[in-house]
Amino acid sequence: MGRTLKRTAAFTALARSLAAGARGGPSLGARLAALPRMIRATARGEYDGGLRLAMMTAATVYVVSPVDLVPELFLTVLGLVDDAVMVTWLAGSVLSETERFLEWEARRASVIPGHVTP
């Protein structure tokens, strides 16, 4: 049940992110361009996307891993279905997380750096 909910959430994020781009939200190009900035900000500890980036990296490794070729050879349809689900989840996660990062970046840009003196 928990796995189904996570998949449903990923599919919902994918649909919401694609619809946001159509409604005037960040374009796909803006989201993909934000990816290197998001990774850099996470590596510096400025952005809290570490666990989500790790999960997206693990999903990417799973999809491109040669070890995953074995299920396709023996379980053709099931082997391809698990890859399709993983790619869909990954796309939804990337789109959702980049939108979240772009919102964080916009909020951060509106803050004037410094400190308050009494």
Side-chain angles (χ1 to χ4, degrees):
M1 174 120 173
R3 295 177 106 182
T4 304
L5 290 175
K6 289 179 184 178
R7 284 188 195 131
T8 304
F11 292 131
T12 302
L14 176 60
R16 190 173 53 238
S17 296
L18 292 174
R23 290 189 315 250
S27 68
L28 182 60
R31 292 169 194 256
L32 293 178
L35 232 113
R37 294 193 315 270
M38 181 175 68
I39 293 168
R40 219 175 5 259
T42 301
R44 291 180 185 154
E46 299 168 355
Y47 181 66
D48 68 344
L51 180 60
R52 289 178 292 277
L53 282 175
M55 289 174 51
M56 289 185 270
T57 302
T60 303
V61 169
Y62 175 79
V63 170
V64 299
S65 171
V67 174
D68 190 42
L69 291 176
V70 175
E72 277 82 9
L73 294 175
F74 299 112
L75 307 168
T76 50
V77 174
L78 294 176
L80 295 175
V81 167
D82 81 315
D83 284 347
V85 167
M86 189 62 69
V87 167
T88 304
W89 177 86
L90 181 60
S93 296
V94 168
L95 292 174
S96 179
E97 190 60 28
T98 52
E99 182 173 357
R100 182 175 172 268
F101 174 76
L102 289 169
E103 289 170 357
W104 172 83
E105 213 173 32
R107 282 192 314 272
R108 185 173 183 221
S110 67
V111 174
I112 299 171
H115 60 280
V116 176
T117 56

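The figures that follow rest on heavy atoms only: side chains count, while hydrogens, waters and symmetry mates do not.
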Do Thr98 and Leu35 pass the side-chain contact (heavy atoms from CB on, under 4.5 Å) test, and can you show the C-alpha distance, the side-chain angles, and the key distance before you say yes or no? CA-CA 7 Å; Thr98 52; Leu35 232 113; 3.6 Å; yes
Side chain to side chain donor-acceptor pair (under 3.5 Å) filter on Arg37, not counting sequence neighbours, yields Glu105
Residues which pass side chain to side chain contact (heavy atoms under 4.5 Å, CB included) with Thr42, listed by chain and number, not counting sequence neighbours: Met38, Tyr47, Leu53
Taking all heavy atoms of Leu90 and all of Met56, pick out the closest pair and write down the distance. CD1-O, 3.5 Å
Specify the closest pair of heavy atoms between Ala34 and Phe101, including all atoms of both residues, with the distance to one decimal. O-CE2, 3.8 Å
Would Val63 end up clustered with Val61 when hydrophobic side chains under 4.5 Å apart are linked, directly or stepwise? no
Please answer: with hydrophobic residues joined when any side-chain heavy atoms are less than 4.5 Å apart, are Met86 and Met55 in the same cluster? yes
Please list all pairs meeting salt bridge (Lys or Arg N to Asp or Glu O under 4.0 Å) that have one or both residues in residues 47-59, counting only residues at least two apart or in different chains. Asp48-Arg52, Asp48-Arg100, Arg52-Glu97
Does anything in residues 108-118 pair up under salt bridge (Lys or Arg N to Asp or Glu O under 4.0 Å), and if so which pairs, sequence neighbours excluded? Glu46-Arg108
Restricting to non-hydrogen atoms, name the atom on Ala30 and the atom on Leu102 that form the minimum distance, rounded to 0.1 Å. O-CD1, 4.2 Å
